[in-house]
2 protein chains.
Amino acid sequence: MLVMGIVSPMATLPQLYKLFFSHTQHAAGLSLVTWVLYALITLLWAIYGIYHKNPTIWVGNALSFLMDAAMAGGIYVYAGFVI
Amino acid sequence: MLVMGIVSPMATLPQLYKLFFSHTQHAAGLSLVTWVLYALITLLWAIYGIYHKNPTIWVGNALSFLMDAAMAGGIYVYAGFVI
C-alpha cells in the first residue's frame, strides 16, 4: 500500500511537466479549484498520517501535497485566478 | 473520513467542466498519462475497499474512478493520444 501511495504523486509528474514546460499556453484549461482542493485534501491526510505515526498514509500524501500545490501555483502564475 | 473520500471526487468536477464545456480547446494541456494512472489507482483502491467490505475506502474511490476515467476519456476524445 505504501507503493500505491507513491504511484499517485508520481502520476502527477506528466501533468506538471505539461503545465510548466510543454503546454504552458493551455494553463487556462486547468482548474485552480480542483488542484487547490486536491492540495488541501492531501495535506489533511498527510497531517492525519503523521499524527497517527502511519507512514503508509503520510509519505504518499505529503508527496501528493507537494505535487498538487505546485500544480495550483503554476495555474495561478500562468492562467491567473481562474475557476 | 468518508466525507474526505467524497470531497476528492467532487473536487474533480470543475476540471471536468473545463475539459468538456468551457475550455475544450485547452485539452492538449491535460496529461492523459496522469489521468489514466489516477483512474487505475482509484479503481484498485475501490476493488480493495469492496473486497475488505470497507465503504470508507470504496465509496470515494469508486466515485473518483468515474471522474478520473471521464477525464481520461475526454482528453483522448478532444486531444487524442497525448502524453
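- Rounded to the nearest 0.5 Å, atoms CG (A/L19) and OG (B/S31) are 11.0 Å apart.
- Top candidate by heavy-atom pairs under 4.5 Å with chain B, chosen from A/V7, A/L30, A/L13, A/V36, is A/L30.
- The most heavy-atom pairs under 4.5 Å with chain A, out of B/M10, B/H23, B/Q25, come from B/H23.
- For a residue to count as touching a neighbouring chain, one of its non-hydrogen atoms must lie under 4.5 Å from one of that chain's; by this rule B/Y17 does not touch chain A.
- Counting only distance, with no hydrogens or angles, the side chain of B/Q15 and the backbone of A/G29 share a donor-acceptor pair below 3.5 Å.
- Under the 4.5 Å side-chain contact rule for hydrophobic residues, A/M67 and B/L32 share a cluster.
- Put simply, CG on A/L40 and CE on B/M4 are 9.5 Å apart, with the number rounded to the nearest 0.5 Å.
- Residues B/I47 and B/V59 are members of separate hydrophobic clusters, defined by side-chain heavy-atom contacts under 4.5 angstrom among Ile, Leu, Val, Met, Phe, Trp and Tyr.
- When the candidates A/T12, A/I83, A/V33 are compared by the number of heavy-atom contacts under 4.5 Å with chain B, A/T12 comes out ahead.
- More than 12 heavy atoms of other residues, nucleotides or ligands sit less than 6.0 Å from atom OH of B/Y78.
- Between A/A28 and B/K18 the shortest heavy-atom distance is O-NZ, 2.8 Å.
- Clustering ILVMFWY residues whenever any of their side-chain heavy atoms sit less than 4.5 angstrom apart, transitively, puts A/L63 in a cluster other than the one holding A/Y51.
- Linking ILVMFWY side-chain heavy atoms closer than 4.5 Å, directly or via other members, places B/L66 and A/Y38 in two distinct hydrophobic clusters.
- B/L43 and B/I41 end up in different hydrophobic clusters when Ile, Leu, Val, Met, Phe, Trp and Tyr side chains are linked at under 4.5 Å.
- Atoms CG and OG1, on B/L16 and A/T34 in that order, are 7.5 Å from each other to the nearest 0.5 Å.
- Only the side chain of B/W35 has a heavy atom closer than 4.5 Å to any heavy atom of chain A.
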